[in-house]
Amino acid sequence: MLLPVFTLKLRHKISPRMVAIGRFDGTHPCLAAATQAGKVFIHNPHTRSQHFSAPRVFQSPLESDVSLLNINQAVSCLTAGVLNPELGYDALLVGTQTNLLAYDVYNNSDFFYREVADGANAIVLGTLGDISSPLAIIGGNCALQGFDHEGKDLFWTIITSLCPVYGSRFGYALANGTVGVYDKTARYWRIKSKNYAMSIHAFDLNSDGVCELITGWSNGKVDARSDRTGEVIFKDNFSSAIAGVVEGDYRMDGHVQLICCSVDGEIRGYLPGAAEMRGSLMDTSVEQELIRELSQKKQNLLLELRNYEENAKAEGSSPLNEADGQWGTIPANTKLHTALSVSLGSETRAAHTELCISTSNDTIIRAVLIFAEGIFLGESHVVHPSIHSLSSSIRIPITPPKDVPVDLHLKTFVGYRSSTQFHVFELTRQLPRFSMYALTSLDSASQPLGYVNFTIAERAQRVFIWLNQNFLLPEDTDIQNAPFQVCFTSLRNGSQLYIKVKLNGEISVKTDDIDLAGDIIQSIASFFAIEDLQVEADFPVYFEELRKVLVKVDEYHSVHQKLSADMADNSNLIRSLLVRAEDARLMRDMKTMKNRYMELYDLNKDLLNGYKIRCNNHTELLGNLKAVNQAIQRAGRLRVGKPKNQVITACRDAIRSNNINTLFRIMRVGTTSS
């Protein structure tokens with residue numbers, strides 16, 4: 001579905017994920033990419049006579065339409081776009097592990113040059129929330145920051161890198177080779193590859209008004225997949241890994257091209273094909289792969305048909321007792337039943353959720369295959385009882401590590417003991433979100449100290465329906481009227497969870513786990529379609545730990561400043577000693593020269609030791625900053641909608657002003673004015 005229209009071969013190696021296209025003069029699209037030598041090249045085929053004279057930029061001696069931007073550090077991310085709308089042209093953003101450069105290519109000057117302590121691993125340009133000006137949003141090791149065209153830090157939080165498709169739909173790529181598409185919280189599809197996705201981009205390649213997900217892979221493959229199904233629509237291959245995928249009217253003919261770049265400097269541009277040409281432009285290898293897949297399906301169906309025919313012949317020639325079932329035939333009315341329950345465990349097995357699978361007659365279960373995301377290693381689990389312990393039912397322990405709803409896709413092999421072939425039942429059973437919590441009796445002496453209080457306009461019956469869908473309640477549990485209170489015990493750590501519902505719709509959730517409280521709030525809001533929810537919360541144990549972390553952050557900041565000052569002093573002393581040593585050498589005073597160089601050697605050892613201490617201090621500081629940022633996000637997850645955004649913004653402002661008491665008050669009541 002893509003038509004190749006041009007190919008270029010540049011004399012520069014392109015770093016992966018560091019390709020961008022921008023109109024740096026407001027008119028001509030130029031290609032910018034980072035090289036492996038700490039430079040950024042700008043390819044401008046439209047104004048070949050233009051030469052730069054800025055300190056950072058010099059013309060490539062090999063290519064007249066390529067200019068090189070000196071960064072003098074390893075480039076870690078790169079993008080281009082509108083940073084200041086009043087200028088009418090794009091800015092070039094270049095990130096390293098210590099700094100962020102916003103460069104005005106047209107005027108050969110810096111918009112700003114900022115030190116970024118957390119590093120810049122990914123970067124994107126755009127608007128965010130109620131911040132009117134465009135932001136350069138960079139993702140570091142654990143934090144995300146947004147800078148305006150003046151270099152002011154207007155945003156700070158934690159997020160993951162995503163590729164917007166349209167509306168609420170977005171594509172994602174993981175480091176383990178997974179690529180997929182989500183619409184809000186619903187996953188449309190995902191695929192896994194042994195190769196790594198180097199770049200993803202949304203592009204309408206068949207002119208049907210809907211963007212496909214374009215993925216550039218580490219093995220040089222480029223494929224385009226349907227945003228709804230993940231079906232491969234187009235495929236092409238490069239001789240080396242893909243460095244980046246961008247789009248732009250690079251030929252200035254009024255048509256936007258998809259531009260793919262490889263790490264060896266090969267660049268290919270593609271035009272979208274017409275909607276009626278779908279399938280006619282598929283790569284030959286894709287057609288061959290599709291034929292192989294269909295042939296494999298045909299062989300599987302023929303094998304299944306042959307098995308059925310052999311069973312029918314065998315039964316006709318030598319009828320057997322139904323109980324023997326040697327040929328795999330089972331009664332037509334055989335059904336498979338599943339049930340989920342909570343097991344408190346024993347001396348040999350920890351507490352867990354239990355899945356019971358049973359048949360409706362005397363047939364036996366020979367094996368069970370379970371496919372579930374995030375529960376089992378490799379996302380699958382096989383239970384294969386020994387021949388001596390076969391029965392019509394089987395119990396499988398399940399221990400989900402997180403409180404998320406999971407679909408259990410089951411394949412169960414059913415037959416008789418002497419069967420050589422088995423019937424396969426396929427079904428799906430959902431594991432409730434809070435399945436690792438057992439309903440227990442109320443005990444006021446062990447009530448948690450942490451709590452969240454809020455009010456919703458829902459009847460107690462509706463709240464009970466939510467409880468029944470998200471927890472594994474015993475079948476005889478019947479709570480219809482308020483007020484009521486239930487107590488759960490965590491199967492993971494034995495902690496208590498209390499949920500109390502009053503007549504006026506007020507709900508109280510008591511737990512010392514702030515993450516669990518946030519999960520419950522988000523689950524209730526999703527179930528009842530609540531857009532905005534304000535709460536009152538307090539978690540004494542967690543807040544006390546957070547207070548200790550904030551104290552450590554201040555200590556690490558002080559140590560960092562002191563170490564930086566010491567290193568600066570030692571650097572000045574090194575320069576002085578070096579000059580004295582060289583003076584002594586020129587004066588042939590070898591003894592003095594030797595003494596000075598010995599002092600330099602000792603001072604260099606001190607600097608190295610100080611650098612190691614500074615690195616360890618920096619690592620600890622980043623870890624504590626990450627903990628503070630996570631605490632702000634946890635406080636936000638206790639609210640929904642506008643109150644959530646207000647709490648996160650207010651907490652961030654309190655951190656900036658170093659107002660710790662205000663920070664904890666915001667986390668408890670939501671706003672400083674409450």
Side-chain angles (χ1 to χ4, degrees), residues 1-10 14 17-33 42-48 65-66 79-81 90 163-166 169 171 179 181 197-217 220-287 289-290:
M1 300 302 293
L2 291 174
L3 302 174
V5 291
F6 70 83
T7 297
L8 301 173
K9 188 67 176 179
L10 303 180
I14 301 176
R17 300 184 181 94
M18 298 182 204
V19 179
I21 193 167
R23 298 178 184 269
F24 301 120
D25 60 356
T27 305
H28 303 94
C30 302
L31 191 69
I42 302 170
H43 179 249
N44 183 4
H46 311 291
T47 312
R48 297 179 183 273
D65 51 3
V66 173
T79 192
D90 294 343
C163 169
V165 179
Y166 62 88
R169 198 170 302 173
V179 173
V181 167
M198 307 300 288
S199 178
I200 59 174
H201 189 79
F203 186 77
D204 183 9
L205 59 84
N206 53 7
S207 304
D208 62 351
V210 178
C211 289
E212 284 72 37
L213 186 66
I214 315 297
T215 308
W217 298 90
K221 183 178 69 174
V222 176
D223 61 37
R225 295 177 180 270
S226 165
D227 69 305
R228 292 286 302 180
T229 64
E231 173 193 1
V232 176
I233 298 175
F234 174 81
K235 186 186 293 185
D236 200 356
N237 289 281
F238 285 68
S239 59
S240 58
I242 302 301
V245 180
V246 293
E247 68 174 76
D249 183 7
Y250 209 57
R251 300 192 301 173
M252 297 192 69
D253 57 0
H255 300 286
V256 176
Q257 301 100 37
L258 181 74
I259 301 173
C260 301
C261 307
S262 74
V263 296
D264 281 345
E266 183 178 2
I267 302 170
R268 298 181 190 175
Y270 304 88
L271 276 176
E276 61 271 12
M277 299 177 66
R278 175 182 173 88
S280 63
L281 298 177
M282 290 284 285
D283 188 87
T284 306
S285 62
V286 179
E287 294 180 352
E289 184 177 341
L290 183 60

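Since the structure is predicted, the reported quantities are computational estimates derived from the model, not experimental observations. Residue numbers start at 1 and run along the sequence shown.
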If you look at every heavy atom in [X] and [Y], which pair is closest and at what distance?
{"X": "Arg268", "Y": "Asn237", "answer": "NH1-O, 3.0 Å"}
{"X": "Ala33", "Y": "Val19", "answer": "CB-CG2, 4.2 Å"}
{"X": "Pro272", "Y": "Val256", "answer": "CD-O, 3.6 Å"}
{"X": "Gly209", "Y": "Asp204", "answer": "N-OD2, 2.9 Å"}
{"X": "Gln257", "Y": "Asp253", "answer": "NE2-OD1, 3.5 Å"}

Donor-acceptor pair, side chain of [X] and main chain of [Y], under 3.5 angstrom:
{"X": "His28", "Y": "Gly22", "answer": "no"}
{"X": "Glu212", "Y": "Leu205", "answer": "yes"}
{"X": "His46", "Y": "Pro29", "answer": "yes"}
{"X": "Ser199", "Y": "Val245", "answer": "yes"}
{"X": "Arg17", "Y": "Met198", "answer": "yes"}
{"X": "Asp90", "Y": "Ala80", "answer": "no"}

(request) Applying side chain to side chain contact (heavy atoms under 4.5 Å, CB included), run through Asp65 and His43 and close with a yes or a no. (result) CA-CA 6 Å; Asp65 51 3; His43 179 249; 3.2 Å; yes

Gap between atom [atom2] of [Y] and atom [atom1] of [X] - 0.5 Å precision:
{"X": "Lys235", "Y": "Trp217", "atom1": "NZ", "atom2": "CH2", "answer": "10.5 Å"}
{"X": "Leu10", "Y": "Asp264", "atom1": "CG", "atom2": "CG", "answer": "11.5 Å"}
{"X": "Cys211", "Y": "Glu247", "atom1": "SG", "atom2": "CD", "answer": "7.5 Å"}
{"X": "Asp236", "Y": "Ile242", "atom1": "CG", "atom2": "CD1", "answer": "8.5 Å"}

(message) With a 4.5 Å cut-off on side-chain heavy atoms, are Ile14 and Ser262 touching?
(response)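 They are not in side-chain contact.
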
(request) Measure the acute angle between the ring planes of Phe234 and Tyr270, then classify it against the limits of 30° and 60° as parallel, tilted or perpendicular. (result) perpendicular

(request) Output all residues satisfying side-chain hydrogen bond (donor to acceptor under 3.5 Å, both in side chains) with Thr27, sequence neighbours left out; order by chain, then residue number. (result) none

(request) For side chain to side chain contact (heavy atoms under 4.5 Å, CB included), just list the numbers for Leu213 and Asp227, CA-CA rounded to whole Å, side-chain angles, deciding distance to a tenth of an Å, and then say yes or no. (result) CA-CA 6 Å; Leu213 186 66; Asp227 69 305; 5.9 Å; no

(request) Take Arg23 and Cys30 through the test side chain to side chain contact (heavy atoms under 4.5 Å, CB included) and record every step on the way to the result. (result) CA-CA 6 Å; Arg23 298 178 184 269; Cys30 302; over 6 Å; no

(request) Could you please spell out the steps behind the side chain to side chain contact (heavy atoms under 4.5 Å, CB included) verdict for Leu31 and Cys261? (result) CA-CA 10 Å; Leu31 191 69; Cys261 307; 4.1 Å; yes

